[in-house]
Amino acid sequence: MSIANRWRALDTLEVAGAQGARLDLWRNHRLWHMAESGYLIDGFEKRPGVHPWQGEHLGKWLHAATLAWLTTRDDRLRAELERNVERLLPTQLSDGYLGTYGSESTFVAQPENVPAAKPHDDMDVPMGRKHRPGWDIWTHRYNLYGLLTYEAVFPDERVVDACRRMADLLIEVYGGDGADLTKYGTRRGISATTLIESIVMLYERTEDTKYLDFAEHIVRRMEANPGLRLMSTMRSGGSVVGPGDGKGYQLMANLLGYLRLYRCTGKREYLDTAINGWSEISKKHILVTGGPWTRHMPYNANTECFARTDDFDPWKVSVEGCCDATWMQLCLHLFELTGEGAYLDAAEVTLYNSLHGHQHADGLRWCYFTSPNEARPDYSDRITCCASSMPRGMEMLAGHLVGEVDGHLSIGTLAPCTVALGEAFGGGTVVVESDFPADPATEIRFQDLSPRTYTCEFRLPAGTVLSGVRVNGASTEVTVNDRGFHELRRRWDGGDVLSIEAGFELKLHVRDGEQGRQWVAFTRGPIALAQQVSAIPDEEPFDGLAPDEVLGMLRESSDGSFRIAGTGITLMPYGLTCSDSSGPKTYFRCGH
């Protein structure tokens with residue numbers, strides 16, 4: 001069986017405003033920096049590569065660049081996509097292997113970790129050092145993902161055949177009574193088991209049940225590994241700190257695999273795993289910036305692992321860029337499946353705060369890590385896993401702006417954009433005009449369409465309050481549906497204008513942390529507020545105050561920033577604090 005997505009995206013033609021500017025930075029600079037570096041393909045053409053996970057970057061680039069092409073339709077970009085695929089396919093070996101490792105180090109030669117070749121940890125491999133096993137399957141996971149994304153837009157049976165051959169080799173080594181996939185790679189195998197999502201994608205493309213069977217075989221292997229029982233842990237209300245050492249990026253990538261398994265099997269246990277995992281992360285491990293926070297502690301493996309909530313300290317926790325992107329993917333796929341606005345809210349908060357904070361204004365440099373409180377983000381133009389992941393999150397959200405759900409036209413954004421309407425909605429385009437995220441007031445224009453009667457729904461961003469709705473200047477009543485969208489039904493015609501009058505709420509957020517300390521942070525609508533700092537400040541303006549005494553100290557300025565009364569501290573949108581010489585202080589200590 002196959003479970004259809006409830007929400008289906010319509011074609012984005014243009015993204016403007018702050019979101020469009022950030023997309024352009026990636027599309028005009030970083031995208032081509034990667035494509036022209038040679039690093040994407042060199043490790044395949046000249047094995048072995050120079051870095052354990054060099055092979056991941058081409059698959060990630062294919063994914064993001066293909067999504068970029070869907071909006072831009074840029075001929076140069078299409079040619080570059082085709083060039084990279086044409087160079088990659090001939091590097092596949094006769095047995096189906098399509099990685100960057102030397103013959104003695106492939107997952108075929110060493111299907112499980114061996115003491116003499118302890119796999120690299122995520123954090124301790126300088127560029128250029130000769131690699132040892134640990135990330136070979138990871139490369140195949142991203143090759144499958146990138147090639148299948150590309151082939152869905154540019155059909156090519158050669159690409160499908162290459163993906164089949166990769167998967168068939170993996171089944172030969174790890175299927176049935178073969179080697180145990182969870183004994184390969186890092187973090188108790190959780191890096192290797194991210195393969196589930198890509199294998200299910202291949203099943204969706206080919207409808208060959210052996211691939212679906214293999215994905216479920218991997219799940220059984222995971223549940224047989226005491227350190228990697230993700231499904232049973234999530235279904236029993238357990239913590240994400242445990243499975244696979246709580247490795248944030250990979251754990252969420254595995255949840256993506258479970259979500260795809262549900263779509264293809266209808267088995268509720270897979271959906272419960274993904275939703276419960278999302279809920280656990282959302283409640284305990286997401287900052288006001290939308291970033292999933294991690295911290296190295298004695299009970300986990302490294303900086304990129306989820307930590308217990310009582311170990312929170314905003315100066316010591318990190319947000320890995322790969323976590324931002326994968327969290328957004330999880331949110332968006334859950335949104336597709338359910339149509340529930342809360343998932344789109346979460347993805348949007350991450351984009352406009354944490355992810356944009358990772359991206360430098362020069363369009364080239366990105367941060368591997370950021371922290372909610374730090375004096376200076378560490379921007380770099382190196383090709384890293386995070387800098388290759390985050391554009392994927394940006395492009396995915398750009399493709400989820402307006403869609404169709406239950407026969408309704410579903411407007412999921414107040415950000416300026418233009419989206420093509422299908423025949424069911426009269427053809428033509430819908431144009432969203434606003435200054436979001438600075439201001440939520442929005443006009444939605446219906447252009448060049450034939451008259452149709454249908455329900456139009458729209459989503460208000462997190463922390464936004466509706467004050468009125470007008471159609472062609474006339475006040476109109478709307479209702480809120482069970483998915484959190486505001487809706488109205490009428491006959492829509494070319495030239496109609498839907499006006500949304502709304503305002504942002506100023507909210508206080510309290511988090512308990514290390515050594516019993518309490519921390520407070522602030523948001524205005526979906527945007528986190530922060531103090532711009534260039535060193536760790538001595539002043540803690542809320543020391544000695546209870547959290548409920550704090551919010552009244554904020555005074556809004558005419559430029560939209562906020563002053564903390566009795567201090568010289570100004571709070572501004574989080575992203576504006578991040579530069580080569582300054583960073584954010586997002587959380588402030590309070591209490592006694």
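In what follows, residues are counted from 1 in the order of the sequence shown.
The aromatic rings of Trp7 and His400 sit parallel to each other, their planes meeting at less than 30°, with 60° as the upper class boundary. In this pair, Tyr150 and Phe154 present their aromatic rings tilted. The plane angle is within the 30 to 60° band. Taking the six-membered ring where tryptophan is involved, the planes of Tyr145 and Tyr142 are tilted, since the angle between them lies from 30° to 60°. Note on ring orientation: taking the six-membered ring where Trp is involved, the planes of Tyr184 and Tyr174 are perpendicular (angle over 60°, cut-offs 30° and 60°). Relative orientation of the Tyr379 and His360 rings is perpendicular, given thresholds of 30° and 60° on the angle between their planes.
Here the side chain of Thr303 pairs no donor or acceptor atom with the backbone of His296 at under 3.5 angstrom. Judged by distance alone, the side chain of Asp95 and the main-chain N or O of Leu169 form no donor-acceptor pair under 3.5 Å. Remark: the backbone N or O of Ala152 is not paired with any side-chain donor or acceptor of Arg205 at under 3.5 angstrom. The backbone N or O of Gln359 lies less than 3.5 Å from a partner atom in the side chain of Arg22, making a donor-acceptor pair. The backbone N or O of Glu80 lies less than 3.5 Å from a partner atom in the side chain of Asn84, making a donor-acceptor pair.
None of Glu86, Glu82, Glu151 except one satisfies the salt bridge (Lys or Arg N to Asp or Glu O under 4.0 Å) rule with Arg158; the exception is Glu86. Partner of Leu181 under the side-chain contact (heavy atoms from CB on, under 4.5 Å) criterion, chosen from Leu170, Ile218, Leu228, Ile196: Ile218. Exactly one of Arg76, Arg83, Arg30 qualifies for a salt bridge (Lys or Arg N to Asp or Glu O under 4.0 Å) with Glu36. That residue is Arg76. When each of Glu216, Glu197, Glu336 is tested with Arg260 by the rule salt bridge (Lys or Arg N to Asp or Glu O under 4.0 Å), just one qualifies, namely Glu197.
Around atom CZ of Arg188, no more than 12 heavy atoms belonging to other residues, nucleotides or ligands sit under 6.0 Å away. Atom CD of Glu207 has 12 or fewer heavy atoms from other residues, nucleotides or ligands within 6.0 Å.
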Determine, stepwise, if the pair Gln250 / Arg187 fulfils side-chain hydrogen bond (donor to acceptor under 3.5 Å, both in side chains). CA-CA 9 Å; Gln250 282 89 325; Arg187 310 282 71 82; over 6 Å; no
Walk me through it: do Thr429 and Thr418 pass the test side-chain hydrogen bond (donor to acceptor under 3.5 Å, both in side chains)? CA-CA 7 Å; Thr429 59; Thr418 302; over 6 Å; no
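Between Tyr249 and Trp138, the ring centre distance stays below 6.0 Å. His333 and Tyr343 have their aromatic ring centers separated by at least 6.0 angstrom. Taking the six-membered ring for Trp, Tyr39 and His57 have ring centres closer than 6.0 Å.
Remark: Asp324 CG to Thr350 OG1 distance equals 6.0 Å, nearest 0.5 Å.
Under the 4.5 Å side-chain criterion, counting only non-hydrogen atoms from C-beta, His358 is in contact with Val319. Side-chain atoms of Tyr258 and Met222, non-hydrogen and from C-beta on, do get closer than 4.5 Å to each other. Side chains of His140 and Ser198 form no contact here, defined as non-hydrogen atoms less than 4.5 Å apart. Considering only heavy atoms from C-beta on, Asp168 comes within 4.5 Å of Lys210 through its side chain.
The cationic group of Arg459 does not satisfy the cation-pi geometry with Phe335, failing either the under 6.0 Å distance to the six-membered ring centre or the 45° limit from the ring axis.
Closest approach of Leu397 and Ala347 over heavy atoms only: CD2-O, 4.1 Å. Taking each heavy atom of Tyr574 and Cys578 in turn, the nearest pair found is O-SG, 3.8 Å. The shortest heavy-atom contact between Leu23 and Met394 is N-CE, 3.7 Å.
Side chains of Ser191 and Thr186: a donor-acceptor N/O pair is present below 3.5 angstrom, by distance only.
For Arg365 and Asp580, the salt-bridge test passes: some basic side-chain N is under 4.0 Å from an acidic carboxylate O.
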